[in-house]
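In what follows, chains carry the letters A, B, and so on, assigned in the order in which the sequence lines appear, proteins first and then strands, with residues in each chain numbered from 1.
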Amino acid sequence: MTERLKIASWNINSVRYRIDIVGRFLKEEAPDILCLQETKVVDELFPHEAFHALGYSHRLLHGQRMHHGVAIVSRVPLIEDDRLDWQANQEARHIGVRLPNGLRLENVYVPAGGDVPDAELNPKFGQKLAFVERMTRWSEGLTTPTILVGDFNIAPLECDVWSHKQLLDVVSHTPVEVAALARLQASHQWVDLGRHFVPPPGRLYTWWSYRAKDWAASDRGRRLDHMWASPQVARHAVAHKVHEDCRAWLKPSDHVPLVTEFAF
DNA sequence: ATGACTTCCGTAGGAAGA
């Protein structure tokens, strides 16, 4: 018998401020599991009721005051959860679980890294690189089939940004970040599901700045959000969609949700 | 463009996003 599993990931930029569009997305797309980043809420104030009402009765949180914060909400049970600190500074940027079918699902929010792409001048940039390096050490030791999703805050390919040339010195697309992400990917032979379904040079963006006068007209997008899978899991991926339409919804996040459907 | 916009916290405006 085939088991279908639809997993979504979305940097929501405040789950409380955007609870209406999260609800709309869950109703329309009906994923089994939604991984959220930038929830921006302490666990005590997480809007449980809205998710429970839509059937997402399993919820695991790793939030903090003001910034960052991740969560997994699900219609299927979530077990053996853990929260890793790849920046070694107590920021809430990861939550992982085991699913009933034995897979691991890891939800991560990689630090943005500040403005200046120089670790000497900008400590946040160094912290971002260290975060990805610690993730790589973790990834090297993985033996369980895993799905790794989230806001990686790095657009690795030339076609992952609106202008490769103009973004070479812009944090998120610098060669040093791209190289760090490539080492992470190689450490487990992670399959980039976005590019599995939309091969280069196909247009595929997940983020558009709030600062553009007309985000759709200028289309200065970047692919900062990703869904990766262990090779033996990626074989079961049957569909993938980036919900660009959500960027035009009322009170949008600057990121849009990604969805992958698996058939086991 | 030391730029534009958005959120949190808290009730002004700084910090952070990327």
I'd like the [atom1] distance from [M] over to [N], given in whole Å.
{"N": "dG10(B)", "M": "dG14(B)", "atom1": "C1'", "result": "12 Å"}
{"N": "dA4(B)", "M": "dA15(B)", "atom1": "P", "result": "16 Å"}
{"N": "dA16(B)", "M": "dA1(B)", "atom1": "P", "result": "26 Å"}
{"N": "dA18(B)", "M": "dT7(B)", "atom1": "P", "result": "14 Å"}

Next item on the list: Would you please name every residue forming a salt bridge (charged side-chain N to carboxylate O under 4.0 Å, His left out) with Glu80(A), sequence neighbours left out?
Entry: Arg98(A)

In [range], what residues come within less than 4.0 Å of DNA chain B, judged by heavy atoms?
{"range": "residues 167-176 of chain A", "result": "Ser172(A)"}
{"range": "residues 9-23 of chain A", "result": "Asn11(A), Ser14(A), Arg16(A), Tyr17(A), Arg18(A)"}
{"range": "residues 151-160 of chain A", "result": "Asp151(A), Asn153(A)"}
{"range": "residues 120-136 of chain A", "result": "Lys124(A)"}

Margin query: Show every ring pair (Phe, Tyr, Trp, His ring centres under 6.0 Å) that has at least one partner inside residues 83-102 of chain A, sequence neighbours left out.
Written below: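 Every ring pair (Phe, Tyr, Trp, His ring centres under 6.0 Å) pair that includes a residue of residues 83-102 of chain A, provided the two are not neighbours, is Trp86(A)-His94(A), Trp86(A)-Phe131(A), Trp86(A)-Trp138(A).
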
Residue pairs involving [range] (criterion salt bridge (Lys or Arg N to Asp or Glu O under 4.0 Å); sequence neighbours excluded):
{"range": "residues 234-253 of chain A", "value": "Arg203(A)-Glu244(A)"}
{"range": "residues 55-69 of chain A", "value": "none"}
{"range": "residues 177-191 of chain A", "value": "Lys128(A)-Glu177(A), Glu133(A)-Arg183(A)"}
{"range": "residues 45-57 of chain A", "value": "none"}

Next item on the list: For DNA chain B, note the earliest and the latest nucleotide, 5' to 3', having some atom under 4.0 Å of a heavy atom belonging to chain A.
Entry: dA4(B) to dA18(B)

Checklist line | Qualifying side-chain hydrogen bond (donor to acceptor under 3.5 Å, both in side chains) pairs, either residue in residues 141-154 of chain A, two or more places apart | finding: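 Every side-chain hydrogen bond (donor to acceptor under 3.5 Å, both in side chains) pair that includes a residue of residues 141-154 of chain A, provided the two are not neighbours, is Asn11(A)-Asp151(A).
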
